[in-house]
Structures are given as C-alpha cells and as structure tokens.
Amino acid sequence: MKEKKTKQPNEVSVLIGYAGKYKVLTFFGMFLSAVAMVMGMIPYFCIWLAARDLISVAPDWTEATQIAKYGWMAFGFSFGGIIVYFAALMCTHLSAFRTAANIRKQGVAHLMKTPLGFFDNNASGLLRNRLDGGAGETETLLAHNLADIVGTAAMFIAMIVLMFVFDWRMGLACLLAAVISVLAMFSMMGGKNAKLMMEYQQAQDAMSKAGTEYVRGIPVVKVFQQTVYSFKAFKAAIEDYSAKAERYTRGVCRVPQSVNLTATEGVFIFLVPAVLLIAPSALSAGNFAGFITNFAFYAVFSAIVSTALARIMFASAGTILAKNALARINTVMNAPTLEITDDPQTPKDNGVEFKDVTFTYDGAELPALDHVSFKVLPGQTVALVGPSGGGKTTAASLIPRFWDVSSGQILVGGVNVKDIDPHVLMDKVAFVFQNTRLFKTSILENVRAARPDASREEVLSALHAAQCDDIIEKLPNGIDTLIGSEGTYLSGGEQQRVALARAILKDAPIIVLDEATAFADPENEALIQKALKTLTRGRTVIMIAHRLSTVVGADKIVVLDQGHIVETGTHDELSCAGGLYERMWKEYNQAVQWKIASVKEGV
Ligand code: ADP
Ligand code: MG
C-alpha cells in the first residue's frame, strides 16, 4: 500500500485537484470507505464470540444464551457496513463526475487558447479521444479505487490488530499470504517491468489507432484496388501488440501471477501448517477450547484476505489506467498556447509586411520559410507563387497566427501580429483556404458564422455577391436548407463559393486566399473568379494561385521555392527575367494551349 502512495503522489493528487471544492467529498468518501471496511470486519469478531461461547458450554448448547445477540450484532454491522460503503461511493462518484466534467471544461478552454495550426497537426478526433476518453477513464480510479485503497488499508490495519488480539501465530500465517501476494503483484508493475507494461499498453493504443485508420482508408483501398500493402501498418501494429503482450504476460507475469493467485486463494496453505505446529503446545497447555475458537476465527477470517487482495489488484489497475489517462489529458492541457499581449496595439493601416521571417514546423529539419521578407501595401494585391511545398500556405497561415514565427516579424498595419489583440487581428483578416469546411447547419448559419450579428438580408446579398444564386435556387429550403443532411451536399466548387460569401460578409480589409480556384470545374471557376473580384475589390489581398492567369494583374508576385524568395516583381518584369517564374509561365501557357488545341480538334 505504502509503495503505491509514495510512487504516484502526483498523478492522483493532480486528478483530485480537478475536482475543485468537490475534493472534500473524495476525502470524505475515502474516510467512509475505511469505516465501512472496519464495520465489515466486526461480524468476524462476532463469530469468534459465538464460537467461544459454544465451545465453553459444550455439549450443553442451551447454556449459550448470547448467540442470538451476536448474530444480530453481526447482521447489524454487515448491513451498516454496506450502507456506509454505499454512502462512501456516493461521495466519491459525485466528486469523480465533477472531476471529469472539469477536465473536459478546462481542456476545451485550453484548446481555445492554442494556435489554430495546432489543429492541423492534431486531428480533432484524436484530441476528442484524449480529452473526453481520458476524462472518462479517471472515473474508475476516483469513484472506486481510491475509496477501496483506503478501505483496504484500514482493513489491513484492522487485520494486524486482530492478529495480536487472538493468536498472533495464526494471524501471521494469514498475513503472510497477504504479504506474499502483494509483493508478487508489485513485482509485475514495479521497476523495469513497469516499462514493459507501459510498452504493452502503448502497443495496444497503437493497434487501436491503426485499426481506425484502416477503416477510414477503406474507400481509398477499394478505389485503388490495393490489397496486402494497405494492411501493412495495421498488420504490423497487431503483430507488435501480440509480441509485446506475450513478452509481458509470459516474461513478467507468469510466475508472480501464479504466486499471487495461489497465496490469495489458498490462505489455508499457510494457516493449516501453522495450526498443526501450534496444536501440540496448545493441547498440552490445556487451552483446547481457546485454540479451537481461534482456529475457527482465522479459518473464516482468511476469506477476507482474498477479498482484500482482489481489491488491491483492481485498485492498482485503476491507478495505472488513471495515470495513462492523465498522460493523455496532459497532451491536451500542455499544448502550447498563443501568447496574448498585455499591451495590445492598433494596426495603423491595412498593409502586411514579412520582415526576415523564418519558420520551422515542430519536428521538421528544414525551415518551411527561410528569411522571407516582402511588403504588401494597403489595397495592393500580392500573389505568392512557386512549386508545391515552396512555403506559400505556410506564409499565409502565419498572418493570422496559425503558428508564430520562429524568428523575424509579421506586421499588419505596421504592428507585429503578436502585439495585436487576437480578436482585432481576426476582424481585420479574412481567409479562404484550400479545404473549406462547411458546418452541418443551414447555409444561412454557415455564412453568418463570419459575423453572427448579420441580418438575413446581409447574408443574402453576400451570397449574391459570391455568385451563389444558382445554389440557393436549387435547394429545397433556400438558404435555410441544412447542409450535409438528407442528401443535400454541395460540390467542392459550390462550397468554395459559400466560403467566399462568408468572407464577403465578414467584410475584412485584408483578404488571404489560398488556391481558392485550384479544384473547381470550369463552370464553377468562372463564377468563383467573379465572386473573387467582388471580394477583393478595394482590399489588401494576398493570394496563392496555381493558375498563373489569375496573378497576371497582381501588383507584385513573390516566387517562393523551398522556403526562399527566389524572385519578386510584376508579371511583366518576371515573365522575361529568365528565372523560375518565366519557366512556370511558359509551362502554364503550354498547358493552356494544349487544352485549347484539344478543344479545337474536338478531342
Ligand atoms: P505550399 O503551400 O507552397 O505548397 P506549404 O507551405 O504547404 O507549401 O509547405 C511548405 C513546407 O512545410 C513543406 O515542406 C511541407 O511539407 C511543410 N509543412 C506544411 N505544413 C506542415 C505541417 N502542418 N507540419 C509540418 N510540416 C508542414
Ligand atoms: Mg499550399
């Protein structure tokens, strides 16, 4: 018992800490549980009393007048013990549920403070699993195991006391069984075995993750007719798990678990030899009655030893579970948060400037942006172009602080984005990103997400400006149609236009567009271009475009390759400068001409 408490004071007290003022209930529950356990042991004492009376009056049983009283006493204490234990669990449950709720609340509150980029690298499902699942898993420990640990501790103390009260030699035999069993249990979990157990549990986690991934990937597997290869990761995870499980169970658990079960279930193995040893001296001393009474007591008493030990086992399993749960919860709670300035400054205009910006993703070796500097004057349109992986999306994401730069500065309106109140920054900048997601709600609410106080008319006119009239017309309930339900799905290009309506409604002076037209079909593309014109008119625009035709009119083109700016200038300057842009422009034109040619030839 002691080992457990000194070993893991942090996890348990951290968890109890989440209960807030309900913490008291946990402690009170633990106390009640101890009381209940001790009450539960008194009936054994009653049995001893009854046995003593019976033996002393034998064979004239009618003399034993107290037996009924002892019976009622035993009944009263067992029943009372159950009631008190029930009350104990009620207290610990109240506190445990509060703890889980608080963990969820604090976790979500913390996530609100993390930079948005955090969600790029941590799938929402995974975060949910860590926080929600982790919070749920603490229940067993807080609601049951803690009470049982304390109860069992009280029981052990009571056992030791009883050991001296009746016959210490028989008591010692019972206790010996308990001690051996506890030692065996701890040997499975302590020292270097703890590491093996951890690895075994991690393998189990990895396997369940790989399983989920595999199920998610089934459409891809089917479409591409893949077979064995796609199983690989899942198969490897299963094999790894089975290897680790076998190593732990065979290598570590086999002997201690056998010893543990033998000692727990077979207390008699210790008690009977002890009794046989004591018997001759007891008989010669003429204390036969006392000897038999004590033996009767310990024979019955030994049954509690195994109950108590089984409890410890569950309790320690719960502690390990809770420890892992807390580790998962902590990955959320310890996620880096966005630093929020104490002294916010107001951007002076709508310009954007990158000043010697370097940014490296966590865990990446090379920077995604390497000493990048460029300036976008208020009202200008600047295009970021370059090969895939050049750093365009990264540059765009740094402006709204999806991530914070590793070094250098990003200025909006002449003020470092870190010194701008995040709300002000968000109001100032609107984004349309590659993979826009619409919420499962009406079009109206989807667009209104940009500005919750917008009226229905404003939403309608934003949708009109974003060329969404045809979408709304074909929907059964117009802008009140729920998206993503009852077969109402929008195509990628249509979603993009709704996203543009959102950005138009937001009416922010700075617009960041990332490959907004990249995946649209020709019909949608024309509409999207029109919508973009409305959106970008009179605003500062930073656009990332694949189709170079859309950047021809930009005030400035910044060519990014492998995180470096390789060229800057207007289209006219760059298209004959002999650099990367000229090559891209030529390739682009060839592709376009090829397309036109194939249309003419009727291919
Ligand atoms: P582009 O938009 O020009 O295609 P990106 O900005 O998306 O380029 O990527 C630049 C580099 O950063 C690439 O090497 C890419 O692999 C890496 N990268 C992009 N996003 C992440 C991310 N969330 N985590 C780690 N690395 C990333
Ligand atoms: Mg990109």
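When reading the values below, keep in mind they use all heavy atoms of this one structure, side chains included, and skip hydrogens, waters and symmetry mates. In each ligand, atom 1 is the first atom listed, and ligand 1 is the first ligand listed.
- Set against the non-hydrogen atoms of T394, the atoms of ligand 1 under 4.0 Å away are 5 (P), 6 (O), 9 (O), 10 (C).
- Close approach of ligand 1 to T393 (heavy-atom distance below 4.0 Å) involves ligand atoms 1 (P), 2 (O), 6 (O), 7 (O).
- Identified under the side-chain hydrogen bond (donor to acceptor under 3.5 Å, both in side chains) test for residues 577-588, with sequence neighbours left out: S549-Y588, H571-Y581, E582-K586.
- The heavy atom nearest to atom 13 (C) of ligand 1, considering only S397, G391, G389, A396, is found in G389.
- Interface atoms of ligand 1 facing A368, defined by a heavy-atom separation under 4.0 Å, are 11 (C), 12 (O).
- The side-chain heavy atoms of F118 and L127, taken from C-beta on, include a pair separated by under 4.5 Å.
- Residue side and main chain included, T393 places an N/O/S atom under 2.8 Å of the Mg ion (ligand 2).
- In terms of heavy-atom proximity, L513 sits nearest to V541 at CD1-CG1, 4.2 Å.
- Heavy atoms of other residues, nucleotides or ligands lying less than 6.0 angstrom from CD of Q562 number 12 at most.
- Across A203 and Y241, no two heavy atoms sit closer than the pair CB-CA, 3.8 Å.
- For CZ of R98, the number of neighbouring non-hydrogen atoms (other residues, nucleotides, ligands) closer than 6.0 Å is 12 at most.
- Counting the atoms of ligand 1 from 1 in the order shown, those under 4.0 Å from a heavy atom of G390 are 1 (P), 3 (O), 8 (O).
- For ligand 1, the atoms closer than 4.0 angstrom to any heavy atom of S388 are 4 (O).
- Nearest-residue assignment for atom 18 (N) of ligand 1 (options Y361, F359, F119, F402; heavy-atom criterion): Y361.
- Within the structure, the closest approach of G386 to ligand 1 does not fall below 4.0 Å when heavy atoms are considered.
- Pairs of residues two or more places apart, or lying in two chains, never qualify as salt bridge (Lys or Arg N to Asp or Glu O under 4.0 Å) while including a residue from residues 411-431.
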